[in-house]
Amino acid sequence: MSTADNAVRMPPEARLALPVRAAEHQACPATDVLRRVGDKWSVLVLVCLGDGPLRFHQLHRGIEEISQRMLTRTLRALERDGLVTRTVFATVPATVEYDLSPLGRTLLDPLSALAHWALAHGPEVAEARARHDAAGGGPGGS
């Protein structure tokens, strides 16, 4: 692939035909997954669990700004999606441990690739934003 040829290589069944209809966008498996991992907390929880199982309070203490309610909601959503497992141990009081499921572990490589890209290109993105804003585009408009 030459440097000028930087098109995203998608399998034929995943290529988009324009216009992209709202129903197609909503039904797209990639849209669904990106909705989950694109929220504020899911990626952080997945990465924290990437090093091994953690108890709820370990996760809560390890993620500084997350509320207990939001951590509970995030863990439940990740468990529902099959990315996290929840194990309850018969202790008094009960001990609950969270871990990545085998499916959740498969997400670590793409997340790592995205993190590497962000580290490598973050300064370029920041410069582009500054140029855009200086030209009068502002943060949300064009």
Side-chain angles (χ1 to χ4, degrees), residues 1 3 5-142:
M1 184 161 99
T3 55
D5 181 17
N6 61 0
V8 175
R9 299 289 175 226
M10 300 293 289
E13 66 276 6
R15 291 201 178 118
L16 293 175
L18 296 178
V20 177
R21 308 268 184 239
E24 292 171 313
H25 178 66
Q26 292 301 317
C28 175
T31 299
D32 187 47
V33 169
L34 288 171
R35 238 184 248 115
R36 166 65 51 231
V37 298
D39 72 28
K40 185 173 181 177
W41 301 110
S42 291
V43 169
L44 193 51
V45 169
L46 291 167
V47 169
C48 287
L49 293 174
D51 288 333
L54 293 170
R55 294 182 183 151
F56 182 90
H57 290 295
Q58 290 174 305
L59 272 169
H60 189 239
R61 283 191 303 268
I63 302 173
E64 199 168 279
E65 294 183 10
I66 195 168
S67 67
Q68 285 189 2
R69 181 176 183 268
M70 186 52 65
L71 180 56
T72 298
R73 290 178 64 186
T74 301
L75 287 166
R76 284 181 182 162
L78 292 170
E79 183 181 11
R80 179 176 181 250
D81 288 348
L83 301 173
V84 167
T85 60
R86 179 179 185 268
T87 305
V88 180
F89 296 95
T91 58
V92 178
T95 303
V96 180
E97 192 174 80
Y98 296 90
D99 198 5
L100 290 181
S101 68
L103 179 62
R105 291 217 168 272
T106 67
L107 197 49
L108 291 178
D109 282 341
L111 290 177
S112 177
L114 182 60
H116 285 290
W117 183 91
L119 288 170
H121 299 287
E124 295 169 70
V125 172
E127 289 170 15
R129 285 178 183 161
R131 281 192 308 274
H132 182 269
D133 294 352
S142 46

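We number each residue from 1, following the sequence as shown. Model, not experiment: these values are computed from the prediction.
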Legend entry - Atom of A94, atom of V88 and distance for their closest heavy-atom approach: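 Distance-wise, the nearest heavy atoms are CB-CG1, 4.2 Å.
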Legend entry - Taking every non-hydrogen atom, the tightest pair across P110 and T106: CD-O, 3.2 Å
Measuring from [X]:[atom1] to [Y]:[atom2], what's the distance to the nearest 0.5 Å?
X   : Y   : atom1 : atom2 : value
L59 : E97 : CG    : CD    : 10.0 Å
L75 : L49 : CG    : CG    : 7.0 Å
W41 : I66 : CH2   : CD1   : 5.0 Å
L54 : C48 : CG    : SG    : 7.0 Å

Would you tabulate the side-chain donor-acceptor contacts of residues 115-131 under 3.5 Å, counting partners in other chains and residues two or more places apart, or write 'none'?
residue: H116; atom: NE2; partner: S112; partner atom: OG; Å: 3.4
residue: H121; atom: ND1; partner: E124; partner atom: OE2; Å: 2.7

When the side chains of residues 79-87 are checked against the rest of the protein, which donor-acceptor pairs come out under 3.5 Å, sequence neighbours left out?
residue: D81; atom: OD2; partner: R36; partner atom: NE; Å: 2.6
residue: T85; atom: OG1; partner: D99; partner atom: O; Å: 3.4
residue: R86; atom: NE; partner: Y98; partner atom: OH; Å: 3.3

Legend entry - Residue pairs involving residues 42-66 (criterion side-chain hydrogen bond (donor to acceptor under 3.5 Å, both in side chains); sequence neighbours excluded):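 Sorted result for residues 42-66: D39-S42.
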Inset, instruction - Decide yes or no for T74 and L44: does some side-chain heavy atom of the first lie under 4.5 Å from some side-chain heavy atom of the second? - result: no
Legend entry - By salt bridge (Lys or Arg N to Asp or Glu O under 4.0 Å) - contacts of R73 (at least two apart): none
Legend entry - Under the side chain to side chain donor-acceptor pair (under 3.5 Å) test, residues paired with T95 that sit two or more places apart: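 So T95 forms a side chain to side chain donor-acceptor pair (under 3.5 Å) with T91.
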Inset, instruction - Please collect all salt bridge (Lys or Arg N to Asp or Glu O under 4.0 Å) contacts where either partner lies in residues 19-33, sequence neighbours excluded, each pair once. - result: D32-R35
